[in-house]
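In listed order, ligands and their atoms are each counted from 1. We count residues from 1, following the sequence as given.
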Amino acid sequence: MDLPKTMIVENLPNIPWQGRPEGCSSIVWRYDHNPVIERDLIPRANSIFNSAVVAYNGEFAGVFRVDDTSRSMRLHSGRSQDGFTFEIDEEPIRFVCDEPEITEFVEGYDPRVCRLDNRYYVTWCNNYHGYTIGMAYTHDFKTFHQMENSFLPYNRNGVLFPRKINGKYAMLSRPSDTGHTPFGDIFYSESPDLIHWGCHRHVMAPTTDSPTQTCSWQCMKIGAGPIPIETTKGWLLFYHGVLQSCNGFVYSMGAALLDIDKPWKVIHRTRDYLLNPRTLYECVGDVPNVVFPCASLQDAATGRIAIYYGCADTVTGLAFCYVDEVLDFLKGNSLV
Ligand code: BMA
């Protein structure tokens, strides 16, 4: 007999997976051979992290953030048969675009990839007179058609929903400023055509547990992570939260459950983080103490979720969880 499925997604029995280690009680656990992508997988790479992987033709494909050895931030296409071992193109993506005003690619980072209307849409942090949300689509991970930037600078962490909501395309983003922004809330926007965005709604702000508490893992800024996952309870969103310590920013991962028809309404939100920097590859690198989730793969039949996340702005890691355990944790540990 088929078990009821919590995630309204495809069955993908071949997603990368490793069971919870014995003695581990964490809701989210790490792959024991992390990092899955080392910093120097391709020539001239300084670091490969904060990258997006999707299911593609029975295997996997993605868009990868590669900072090169001149420290320019580039996006590269890549493929994997098993989700653990990757081949990344040595040359960065050259976006195809008929609009000369946005043709020049200056810098791009932190891509997300969303399958929508039988295309694979890439959103990323795009430098167009300041950082904003760039968008492109591909059918084959070879040719990428660049579209108009979604917002004015400054904005980051643009994450599409995988279907229209109330007849409109939908995106989360995080308006920001020029530098290492010390603030940031998540907003929801909608669009009839993936070009013109409006009807902006506030989703959630950085927070502490109580008004008298001065610090939490998500007290300084937050940003959407992987593409939200549709479940029978609402949209499951993994997101990053930032704490400012006396030694700099610390990036952790939590989760929220958003209303299915009004995703700007937060049903639950984790008080505790689900993953925080604590291994050597998360605590030591070009930017220490960072876990930064950008993609997930899920299998409806088993409830398994595999999450790709950047580690210390240097390498890419993989972590695992079960959807029902995350939803139970959200309900039992919610700030809302
Ligand atoms: C954010 C982004 C991420 C990065 C993080 C930590 O502002 O730039 O790409 O992982 O800072 O440095």
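Taking the six-membered ring where the residue is Trp, W235 and F161 present perpendicular rings, their angle passing 60° and hence far from 30°. Below 30°, between 30° and 60°, or above 60°: for Y273 and W217 the angle between ring planes is above 60°, a perpendicular geometry. Note: F95 and F144 have perpendicular aromatic rings, judged against thresholds of 30 and 60 degrees for the angle between ring planes. Between Y137 and H145, the ring-plane angle classifies as parallel under the 30° and 60° cut-offs.
Looking at Y251, Y309, F292, F49, it is Y251 that brings a heavy atom closest to atom 1 (C) of ligand 1. The residue from N50, T181, N157, D110 that puts a heavy atom closest to atom 2 (C) of ligand 1 is D110.
Contacts of R65 with ligand 1, taken as heavy-atom pairs under 4.0 Å, involve the side chain alone.
For ligand 1, the atoms closer than 4.0 angstrom to any heavy atom of V287 are 12 (O). For ligand 1, the atoms closer than 4.0 angstrom to any heavy atom of Y109 are 8 (O), 9 (O).
Protein heavy atom closest to atom 10 (O) of ligand 1, with residue, atom name and distance, is D313 OD1, 2.6 Å.
Salt-bridge formation is detected for the pair D209/R271: a Lys NZ or Arg NE/NH1/NH2 atom is positioned less than 4.0 Å from an Asp or Glu carboxylate oxygen.
Of the candidates N157, V266, V203, L258, I186 forms a side-chain contact (heavy atoms from CB on, under 4.5 Å) with just one, namely V203.
Inclusion of R156 in the set of residues having an N or O under 3.5 Å from an N or O of ligand 1 is not warranted.
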